[in-house]
Protein chains: 2
Amino acid sequence: MNDLSLPESSAAPADDAGAGERPKSITLKDVARLAGLSPITVSRALHNPRMVKPETIEKVKQAAAVIGYIPNLLAGGLTTKRSRLVASIVPQLSNSMFAETVQGLNDELAAHGYQLLLSVSSYSRATEEELLTGILSRQPDGVVLTGINHHPGVRKKLLAMGIPVVEAWDISPTPIDIAVGFNHERVGEAVARYLLDKGFKRFASVCGTDERAVLRRRALEAELRRHGIELIASHEVPPPTTLALGRQGLYAILEGGHRPDVVVCSSDVLAHGALIEAGARGIAVPDRLGIMGFGDFDFAAHTHPAISTVYVDKRGVGTRAARCLIAKIEGRRLDDQVIDVGFKLVERDTTRIGG
Amino acid sequence: MNDLSLPESSAAPADDAGAGERPKSITLKDVARLAGLSPITVSRALHNPRMVKPETIEKVKQAAAVIGYIPNLLAGGLTTKRSRLVASIVPQLSNSMFAETVQGLNDELAAHGYQLLLSVSSYSRATEEELLTGILSRQPDGVVLTGINHHPGVRKKLLAMGIPVVEAWDISPTPIDIAVGFNHERVGEAVARYLLDKGFKRFASVCGTDERAVLRRRALEAELRRHGIELIASHEVPPPTTLALGRQGLYAILEGGHRPDVVVCSSDVLAHGALIEAGARGIAVPDRLGIMGFGDFDFAAHTHPAISTVYVDKRGVGTRAARCLIAKIEGRRLDDQVIDVGFKLVERDTTRIGG
DNA sequence: CTGTTAGCGCCTTCAT
DNA sequence: ATGAAGGCGCTAACAG
């Protein structure tokens with residue numbers, strides 16, 4: 001009746017792992033044989049319990065546990081056309097806001113039984129496109145991209161695939177499918193107006209060269225110009241932004257002979273670097289120099305003085321992206337294809353001057 | 001001859017994406033028909049080019065490009081038993097060293113044509129085990145775990161699967177398969193000896209509660225005790241470690257009436273927080289208070305004063321893990337099943353006192 | 001160099 | 001409530 005030899009100790013020796021010949025896999029059929037049922041009944045017991053008698057389910061579960069059955073999603077996905085896999089491409093992971101977003105994305109996906117296939121584009125559109133091809137060959141149920149500027153092939157492939165797509169961190173009037181983010185130009189303008197209101201007059205910028213940072217800085221410049229003000233110095237730094245680059249940025253500006261009364265940084269990490277450089281030089285912040293960050297990283301509230309910044313729900317971008325995707329995957333309609341998560345100016349010490 | 005209607009514009013309308021009914025997929029067969037060849041020849045042209053006439057390859061590539069063929073790895077993997085997928089479980093992503101490791105892992109994997117399936121355990125062994133089941137059902141070619149303490153089921157399942165496994169961030173005499181990390185107890189001891197050498201006498205600790213941090217702190221305590229010294233205060237903080245927690249840690253120690261002359265932190269982030277708290281209180285570092293970090297995060301060299309710490313090749317752990325895995329997947333034997341990446345004390349300003 | 005046959009492990013469809 | 005047949009898309013193994 002039971003022609004399976006139950007594994008005594010249950011495994012191959014450790015130092016044999018991965019040597020090419022894997023133990024022949026335990027399949028639904030094996031469970032079925034052991035339980036004295038047909039494979040399809042076992043499948044149902046495992047995935048559609050209410051199509052099967054409780055008693056049978058019990059038998060199946062026992063048998064599965066005994067032989068250590070692990071379903072093969074490749075095979076499953078091949079028939080169902082559902083992979084329970086969501087792929088995401090981020091520009092970078094270490095030292096960036098994207099880690100938070102990925103964490104949020106992952107958590108929400110995991111909570112709904114989806115897994116995350118992660119890739120890193122290193123801020124290259126070409127790389128992104130190449131990665132996408134590999135990704136799509138795994139038949140993901142959905143994809144999360146960063147930003148709204150992509151290699152043309154990206155949009156085409158994604159549409160051909162017909163799966164839901166979220167473009168995160170930015171919004172666009174013409175998303176590939178769904179966009180979850182905020183308007184970076186509004187941020188630039190808001191920061192400009194806020195700082196002008198505070199009475200700052202001589203603006204400098206330490207700005208990353210990534211797309212979205214540049215968008216914010218340009219909008220800042222434009223708004224300043226509307227008030228008759230030009231940036232007196234602008235220092236660009238390549239991603240990833242680090243504290244060291246922030247220090248160097250302020251250093252370069254000051255050594256260049258410029259004397260800004262406020263420096264606008266494209267991330268809190270840069271702002272923190274600038275803050276430290278100011279401290280090292282004995283420049284009082286904010287009295288002699290204001291500093292503005294972006295992102296509201298967790299440390300920003302706890303530096304001394306605390307960094308004024310722009311709050312963005314980094315984690316929320318990820319969780320919302322996940323929710324949108326899951327909704328569409330499960331056939332629900334979305335109210336909006338474009339979700340603006342907004343932002344919020346956070347005044348802290350580094351810009352708190354005058355009245 | 002060619003009975004395929006070439007798609008004019010190549011896609012479904014955007015707002016139709018993901019509504020359940022995907023465009024029927026384009027398969028190898030379609031390419032074959034268009035190229036006037038058999039499916040297997042197309043397969044070979046794409047994956048084993050040198051088994052096929054150059055002329056034929058060209059025909060195949062053309063045909064594939066024309067209809068936008070994307071291979072289906074689920075189907076491919078089902079037959080070959082190779083998924084080109086490596087899975088990793090990390091305790092957490094945002095705000096941690098693990099992001100660096102994951103980035104290194106991903107880069108190295110991508111360079112060899114593997115993709116990364118990422119999961120987050122939130123420091124829970126039970127979660128790790130559950131995640132693993134889901135992961136294994138995708139038939140990964142290899143797995144990277146964090147740490148060496150796992151739910152018993154983890155080892156069992158992994159061995160049953162017979163795939164290579166790396167346990168990262170720690171080393172063990174009895175790894176499941178491969179270990180890539182370093183000995184945290186040696187770190188604790190080394191830090192203790194170094195600080196004793198510098199002449200510090202009244203030690204306090206701000207330490208995360210995660211496994212490896214605790215291991216280091218215990219070894220530090222033990223080493224101190226061998227020199228007749230006890231920690232005068234110890235403050236524990238839950239992961240994720242943040243700058244704020246570092247500040248609070250020092251705050252709590254000082255408000256508790258303790259007067260350490262050095263505070264040992266289980267991460268640079270905590271150390272940075274302590275440094276800021278000291279600065280805010282006007283406590284001179286290192287003269288009145290030494291501060292020791294861990295990890296050598298990129299900011300540590302650039303704070304003011306710069307943070308003394310322990311360098312670990314965070315990224316390298318990831319790249320080496322990837323290399324070991326790939327080697328085993330491809331059937332090569334490893335010289336060592338346990339790779340100690342070591343660590344290095346980095347003296348900077350926050351402990352530079354006396355002679 | 002190219003093609004035929006068969007089957008990976010599972011689930012959909014159609015019976016019973 | 002359970003089962004039998006067939007096929008998802010691809011590639012191994014064996015021809016020729």
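Naming convention: chains lettered A, B, ... in sequence-line order (proteins, then strands); numbering from 1 in each chain.
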Ignoring hydrogens, what is the shortest heavy-atom contact between [X] and [Y]? Give both atom names and the distance.
X        : Y        : answer
A:Val120 : A:Thr127 : O-CG2, 4.3 Å
B:Val144 : B:Ala168 : CG1-CB, 4.2 Å
A:Pro91  : A:Ser121 : CA-OG, 3.3 Å
A:Leu116 : A:Ser88  : CD1-CB, 3.9 Å
A:Ile135 : A:Ala87  : CG2-CB, 3.3 Å

Contact list (N/O, under 3.5 angstrom) for nucleotides 4-8 of chain D vs protein:
{"unit_1": "D:dC8", "atom_1": "O3'", "unit_2": "A:Lys81", "atom_2": "NZ", "d": "3.4"}

- Message: Using five base pairs at each end to define the local axes, how bent is the helix from C:dC1-D:dG16 to C:dT16-D:dA1, to the nearest 10°?
- Response: 30°

- Message: Would A:His151 and A:Glu128 count as a side-chain hydrogen bond (donor to acceptor under 3.5 Å, both in side chains) here? Give the steps.
- Response: CA-CA 8 Å; A:His151 180 107; A:Glu128 185 187 54; over 6 Å; no

- Are A:Glu129 and A:Lys157 ion-paired here, with the side-chain N under 4.0 Å from a carboxylate O? yes

- Is it true that A:Asp141 and A:Arg82 make a salt bridge, defined as a side-chain N closer than 4.0 Å to a carboxylate O? yes

- Message: I'd like to know if the side chain of B:Arg138 reaches the main chain of B:Leu117, judged simply by a donor and an acceptor atom lying under 3.5 Å from each other, with no hydrogens or angles considered.
- Response: no

- Task: Under 4.0 Å from any heavy atom of chain A: name the first and the last nucleotide of DNA chain C that qualifies, 5' to 3'.
- Result: C:dG9 to C:dT12

Would you kindly give the [atom1]-to-[atom2] distance between [X] and [N], to the nearest whole Å?
X       : N      : atom1 : atom2 : result
B:Leu46 : D:dC10 : CG    : P     : 10 Å
A:Leu74 : D:dG9  : CG    : C1'   : 12 Å
A:Arg50 : D:dT2  : CZ    : P     : 16 Å
B:Ile26 : D:dC10 : CD1   : C1'   : 16 Å

- Task: Please list residues of residues 131-138 of chain B whose heavy atoms come under 4.0 Å from any atom in DNA chain C, ordered by number; otherwise none.
- Result: none

- Give, ordered by number, those residues of residues 51-64 of chain B having at least one heavy-atom distance below 4.0 Å to an atom of DNA chain C; if nothing qualifies, reply none. B:Met51, B:Val52, B:Lys53, B:Thr56

- With a cut-off of 6.0 Å (strictly less than), are more than 12 heavy atoms of other residues, nucleotides or ligands near CG of A:Asn48? yes

- Kindly indicate, with the supporting measurements, whether the criterion side chain to side chain contact (heavy atoms under 4.5 Å, CB included) is fulfilled by B:Asp107 and B:Thr319. CA-CA 7 Å; B:Asp107 290 356; B:Thr319 50; 5.6 Å; no

- Query: Can A:Leu136 and A:Leu158 be said to form a side chain to side chain contact (heavy atoms under 4.5 Å, CB included), step by step?
  - Reply: CA-CA 8 Å; A:Leu136 292 182; A:Leu158 250 8; 3.9 Å; yes

- Item | 5' priority, DNA chain C, between B:Leu37 and A:Leu28 [closest heavy atom] | B:Leu37

- Kindly indicate, with the supporting measurements, whether the criterion side-chain hydrogen bond (donor to acceptor under 3.5 Å, both in side chains) is fulfilled by B:His112 and B:Glu330. CA-CA 11 Å; B:His112 292 264; B:Glu330 297 179 348; 5.4 Å; no

- Message: Taking side-chain hydrogen bond (donor to acceptor under 3.5 Å, both in side chains) as the definition, give me every residue that meets it alongside B:Thr80, ordered by chain and number, with sequence neighbours left out.
- Response: none

